[in-house]
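These notes concern the structure reproduced below.
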Amino acid sequence: MSKLLDSIDSPHDLRKLDRARLPQVAQEIRERIIEVVSQLGGHFGGNLGVVELTLALHYVFQTPRDQIVWDTGHQSYPHKLITGRRDQFHTIRQHDGISGFCKREESIYDVFNAGHASTAISAALGVAVGRDFRKEDYDVVAIFGDGALSGGLSLEGLNQVGHLKRKMLLVLNDNDMSISTNVGAISGYLNQIIKGQRYNKLKDLARGVMERIPVVGGRIHEIASDVEETFKHLVVPGTLFEELGVRYLGPFDGHDLDLLIETFEKAKAYDGPVLVHVITKKGKGYVPAENKPIWSHGVTPFDIASGEVKKSSKPAPPKFQDVFAKSLGELAKRDEKIVAITAAMPEGTSLDKFGKAFPERMFDVGIAEEHAITFAGGMATQGMKPCAAIYSTFLQRAFDQVFHDVTIMDLPVVFALDRAGIAGADGPTHHGIYDMAYLRLFPNMLCMAPKDENELQHMVRTAFETGHPTSLRYPRGEGFGVVMDGEMKAIPIGRGEVIREGRDNVTIFAIGVEAWPAFEAAEKLAKEGVDATVINARFIKPIDEELVLRFCRPGAKVITVEEGSIAGGFGSAVMEKTAELGLSGVEFHNIGIPDVYVHHGTQDALRAQFDLHAEGIAARVKEFVRASTKMPLVAS
Ligand SMILES: Cc1ncc(C[n+]2csc(CCOP(=O)(O)OP(=O)(O)O)c2C)c(N)n1
């Protein structure tokens with residue numbers, strides 16, 4: 001049977017359909033998402049939850065003339081399916097395929113790029129103000145989740161929305177979930193609205209019953225108004241938004257297409273900012289996802305019939321994030337001042353396990369990286385030892401807080417930077433490639449990166465012994481499967497290690513998980529006539545002076561390797577140190593991420609693209625050495 005979805009090449013086609021046919025389109029979208037994501041992995045539950053919402057928005061608003069700004073964009077799959085990307089949908093998040101987020105370069109229907117949360121309100125307000133400057137009259141919509149609303153940026157945007165009072169629609173997609181269960185007072189407030197709605201229904205029911213009871217009517221009425229007073233804030237939903245100057249409509253069932261369409265029509269007629277509060281279910285329409293919303297947020301391939309994740313038969317080494325959390329837990333057993341902070345990523349950082357062991361000492365602050373760091377700084381002033389575990393890319397949000405609320409005061413906060421380096425299929429917004437450059441800037445800060453999971457556990461301990469702000473970066477995914485020492489040992493501050501001694505005046509300074517590929521490259525090169533030394537630098541800051549003095553000697557060829565931006569990164573730090581020490585006659589070659597944004601793809605493919613795997617490093621070293629000397633090389 002031909003599918004309705006196959007006839008929708010753009011929202012214009014959708015709008016030609018009779019309303020009664022939309023549920024079928026919704027069903028087909030869900031089937032397509034389940035089919036593709038079960039094979040490729042990707043964001044899942046949030047997408048299943050916004051199918052009706054997406055259809056209703058594109059049905060009511062004349063996109064692309066009217067502009068819809070999606071927050072984060074991880075829930076834009078239904079939007080992609082009806083905005084001309086149906087035939088590429090099977091390539092989503094794949095190398096050279098379409099992105100898993102909104103991207104202006106990809107479609108005129110993607111108004112604003114995202115990947116990081118909480119930007120939609122501000123961006124849409126900017127669009128609305130731009131529209132007004134141009135004296136145009138199209139509609140502007142921001143759609144964001146209750147999780148995104150926990151981010152300060154959303155509230156800053158809302159603050160100005162209520163002030164400027166431009167005509168725009170804010171759609172709050174409330175599924176009571178961030179990636180994990182949503183946290184915080186705002187989330188609590190939204191829950192109260194929902195409970196209030198139930199209360200309203202109950203109240204109406206109760207009134208009806210009371211009216212049918214004769215005699216006692218007066219007394220019952222008194223009791224009823226007491227109850228009503230107590231629940232007043234529940235009875236008038238959305239007061240918070242109304243008081244901020246934004247008309248509130250809701251809450252509504254976000255899976256009721258007719259209701260959504262009518263509501264958006266109504267909202268469209270309003271000449272000012274209006275917020276429509278919609279209740280959706282994460283994973284809607286696929287029972288395993290509905291039952292396991294945390295799992296369903298972002299999934300790896302799974303079996304559709306059972307919902308079981310497809311596992312490889314080989315036993316895998318532990319993930320870096322698990323080694324980190326386990327090591328932190330071990331230290332916390334011995335030191336009650338250690339506390340952990342996550343910004344809405346308890347599972348992603350494995351701090352959920354820490355939280356189970358130490359519920360009082362674990363804080364999920366919501367999608368609020370800036371707050372997380374200042375909060376950590378505050379605790380550190382009281383002698384606590386906070387560890388903020390945040391993905392490298394998301395800590396960018398808190399650049400000023402690292403500077404102003406931690407490093408200037410030299411507070412001993414530990415920054416555990418997960419997903420450092422190439423993150424993979426989430427693409428340019430998610431690669432953690434700038435932290436070495438943006439953290440080593442600050443006086444008092446120490447920056448480390450372990451070569452493998454065993455060194456990671458030692459660095460977790462070391463980080464708590466420096467007495468200064470200290471960052472440690474480690475990648476997404478599994479370790480190398482190295483033997484784990486039984487005890488965590490502190491590493492001497494600012495000392496790297498020579499992991500391969502070579503006879504030639506060629507040295508590879510590698511940082512973090514690039515140390516092993518660099519070692520492998522050197523072994524390969526040794527067979528081809530270049531006998532290089534390999535250094536596992538361990539520290540981006542301070543750089544090991546002794547090693548620089550020893551290996552950056554006249555005539556030396558020095559190669560730096562890092563899974564991070566070359567600009568300002570680890571290689572820059574080695575070169576700066578060489579200059580500072582007045583060493584001359586050294587030739588440098590930097591391997592890392594050049595001045596480009598890295599697209600999406602598998603970690604392996606992207607590492608290979610930038611010569612960050614053993615073959616790539618070997619080839620680059622060979623080329624560099626050959627170009628800069630007449631050193632004979634045996635052809636490979
Ligand atoms: C600044 C930032 N921090 C963390 C994340 C990771 N993240 C992606 S989606 C998400 C949850 C978003 O929840 P919500 O806005 O309610 O959307 P839902 O998935 O529930 O539809 C989080 C924490 C992010 N994208 N950006």
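Computed over heavy atoms, backbone and side chain alike; hydrogens, waters and symmetry mates excluded. Atoms within a ligand are numbered from 1 in the order they appear, just like the ligands themselves.
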One line per pair, note the atom names and distance for all nitrogen or oxygen contacts under 3.5 Å between ligand 1 and the protein.
residue, atom, partner, partner atom, Å
ligand 1, 3 (N), Glu369, OE2, 2.7
ligand 1, 15 (O), Ala148, N, 2.8
ligand 1, 16 (O), Asp146, N, 3.3
ligand 1, 16 (O), Asp146, OD1, 3.2
ligand 1, 16 (O), Gly147, N, 2.7
ligand 1, 16 (O), Met177, O, 3.0
ligand 1, 19 (O), His74, NE2, 2.7
ligand 1, 19 (O), Lys282, NZ, 2.9
ligand 1, 20 (O), Asn175, OD1, 3.1
ligand 1, 20 (O), Asn175, ND2, 2.9
ligand 1, 20 (O), Met177, O, 2.9
ligand 1, 20 (O), Lys282, NZ, 3.3
ligand 1, 21 (O), Asn175, ND2, 3.4
ligand 1, 25 (N), Gly115, O, 2.9
ligand 1, 26 (N), Ala117, N, 2.9

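Under the ring-ring contact (aromatic ring centres under 6.0 Å, His included) criterion, Phe358 pairs with Phe354, sequence neighbours left out.
Side-chain N or O atoms of Gln75 include one that pairs as donor or acceptor with a backbone N or O of Gly73 at under 3.5 Å. The closest donor-acceptor contact from the side chain of Asp139 to the backbone of Asp66 lies at 3.5 Å or more, if one exists at all.
For the pair Glu290 and Lys282, the salt-bridge criterion is not met [side-chain N within less than 4.0 Å of a carboxylate O].
Inspection of the Glu35 and Gln39 side chains reveals no N or O donor paired with an N or O acceptor under 3.5 Å.
Ring pair Phe399/Tyr434: centre-to-centre distance not below 6.0 Å.
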